[in-house]
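These notes are about the structure you will find just below.
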Protein chains: 2
Amino acid sequence: MVQQDRSYKEKKVISIGTVSELTGLTLRQIRYYEERKLIHPHRNERGTRKYSFADVETLMDIANKREEGVQTTEILKEMRTKEKKQITEAQARKKMLEGQLNAQFRHRR
Amino acid sequence: MVQQDRSYKEKKVISIGTVSELTGLTLRQIRYYEERKLIHPHRNERGTRKYSFADVETLMDIANKREEGVQTTEILKEMRTKEKKQITEAQARKKMLEGQLNAQFRHRR
DNA sequence: CGTGTAAGGAATTCTGACACG
DNA sequence: CGTGTAAGGAATTCTGACACG
């Protein structure tokens, strides 16, 4: 169920016009941020861009940063360090689970 | 967070062409099921239909029922009784919580 | 009843480019 | 660097209707 909800957030089904309404950004801005590698919409068969809710949230973060005068290059760097942090956290969680499993295993034998 | 995830499922942002791809139904079928009150897409300013992930799931259920030869009128009835059941369940949960709260309150004084 | 289709119009989306700076 | 805009073409969506049955 949670997994299912997760997929709603990641599934790329929203067209650029709707994304524009949701974020308040212009089509030009949305396409430009893609050019700068800040977002990665899917393309359907005819080449139309499709975005996820996660993309919409990223775009809103970008809009805030841009209002503060942060350049797209900086925003990209920030996003990458954040990603790394999240991966590290995920690995930490995994290690912890493995540790618990090992502890269990030791108790059993 | 859960509430947020919920809204992804209910938010009407998907256009009919994408819904068609997701469900395997034709545009004609999707519009017809709306005519029969089985689904209720939003309309944006220019009259374009927008669907939620919840609508997509409903459509997939409809598709299954239709394959079994169930008529749209019957499907509508089934959906309504299911809705009522869910409301009843929600009320039951609420009652239970209220009961627990009252019990707490009695213990406190 | 449920679905296909042709019809005509309006709105969407795409790309590459010029503009300003 | 970031964004606006005009340009032309291709694909989307809408409605009302006829068709079959």
Side-chain angles (χ1 to χ4, degrees), chain A residues 11-80, chain B residues 11-80:
Chain A
K11 199 139 198 176
K12 311 236 177 187
V13 295
I14 313 175
S15 59
I16 195 167
T18 305
V19 170
S20 171
E21 286 173 18
L22 292 174
T23 61
L25 296 167
T26 65
L27 305 189
R28 183 69 167 98
Q29 288 174 314
I30 297 168
R31 293 190 189 116
Y32 180 68
Y33 299 149
E34 177 184 356
E35 195 183 317
R36 301 316 307 272
K37 314 272 191 193
L38 298 181
I39 46 172
H40 303 87
H42 273 188
R43 296 289 185 124
N44 67 9
E45 320 71 55
R46 313 121 207 155
T48 309
R49 276 170 263 247
K50 295 293 175 192
Y51 303 81
S52 65
F53 282 111
D55 291 328
V56 170
E57 291 192 3
T58 302
L59 282 168
M60 297 180 99
D61 290 343
I62 294 171
N64 288 332
K65 297 270 177 58
R66 284 293 304 129
E67 277 180 27
E68 293 169 20
V70 185
Q71 293 194 344
T72 55
T73 324
E74 291 310 312
I75 298 177
L76 182 58
K77 279 183 204 162
E78 287 176 29
M79 284 171 56
R80 292 209 167 133
Chain B
K11 199 140 199 176
K12 312 237 175 185
V13 295
I14 313 175
S15 60
I16 196 166
T18 305
V19 170
S20 172
E21 286 173 17
L22 292 174
T23 61
L25 296 167
T26 65
L27 306 189
R28 184 68 166 99
Q29 288 174 313
I30 297 169
R31 292 191 191 117
Y32 180 67
Y33 299 149
E34 176 184 357
E35 193 183 317
R36 302 315 308 273
K37 314 274 189 192
L38 298 181
I39 45 171
H40 303 87
H42 272 189
R43 297 288 186 124
N44 67 9
E45 320 72 55
R46 313 121 210 154
T48 309
R49 276 170 264 247
K50 294 295 175 191
Y51 302 80
S52 66
F53 283 111
D55 291 328
V56 170
E57 291 192 2
T58 302
L59 283 168
M60 297 181 99
D61 290 343
I62 294 171
N64 288 333
K65 297 272 177 58
R66 284 292 304 130
E67 276 180 26
E68 293 168 19
V70 185
Q71 294 194 343
T72 56
T73 325
E74 291 309 312
I75 298 176
L76 182 57
K77 280 183 204 164
E78 288 176 29
M79 284 172 55
R80 291 207 167 134

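Keep in mind that the numbers below use all heavy atoms, side chains included, and drop hydrogens, waters and symmetry copies.
- Atom CD of A:Glu35 is separated from atom P of D:dG2 by 10 Å (rounded to the nearest Å).
- Per the geometry, CG belonging to B:Leu59 stands 12 Å off P belonging to C:dT3, to the nearest Å.
- Look at CD on B:Glu68: it is 17 Å from C1' on C:dG2, rounded to the nearest Å.
- With B:Ser15 contributing its side chain and B:Lys50 its backbone, the two residues share no donor-acceptor pair below 3.5 Å.
- When rounded to the nearest whole Å, the span between NZ of B:Lys65 and P of C:dG2 equals 14 Å.
- The CD-C1' distance, from B:Glu34 to C:dT3, rounds to 16 Å in whole Å.
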Per-nt protein contacts along nucleotides 5-16 of chain C (heavy atom under 4.0 Å; B base, S backbone sugar-phosphate only, - none) come out as B-----SSSBB-
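- Taking CD of B:Gln29 as the start and CZ of B:Arg66 as the end, the distance is 8.5 Å to the nearest 0.5 Å.
- When each of B:Thr72, B:Ile30, B:Asp61, B:Leu59 is tested with B:Leu38 by the rule side-chain contact (heavy atoms from CB on, under 4.5 Å), just one qualifies, namely B:Thr72.
- Rounded to a whole Å, the CZ atom of A:Arg36 is 11 Å from the P atom of D:dT3.
- Look at B:Tyr32 and you'll find a side-chain N or O under 4.0 angstrom from OP1 or OP2 of C:dG2.
- If you take CD1 of A:Ile62 and C1' of D:dG2, they are 13 Å apart, rounded to a whole angstrom.
- Salt-bridge check for B:Lys12 with A:Glu21: failed, with every basic side-chain N at 4.0 Å or more from each acidic carboxylate O.
- The shortest distance between the side-chain N/O atoms of A:Tyr33 and the OP1/OP2 oxygens of D:dT3 is below 4.0 Å.
- Under a 3.5 Å cut-off, the side chain of B:Ser20 and the backbone N or O of B:Ile16 do not form any donor-acceptor pair.
- In this entry D:dT5 has C:dA17 as its Watson-Crick or G-U wobble partner, both defining distances falling under 3.5 Å.
- Each of A:Ile39, A:Thr18, A:Thr23 was evaluated against A:Tyr51; a single residue qualifies, A:Ile39, per the side-chain contact (heavy atoms from CB on, under 4.5 Å) test.
- Note on B:Thr26: only backbone sugar-phosphate atoms sit closer than 4.0 angstrom, heavy atoms only; bases stay farther off.
- Salt-bridge annotation for B:Arg31 and B:Glu34: absent, with no side-chain N of the basic residue lying under 4.0 Å from a carboxylate O of the acidic one.
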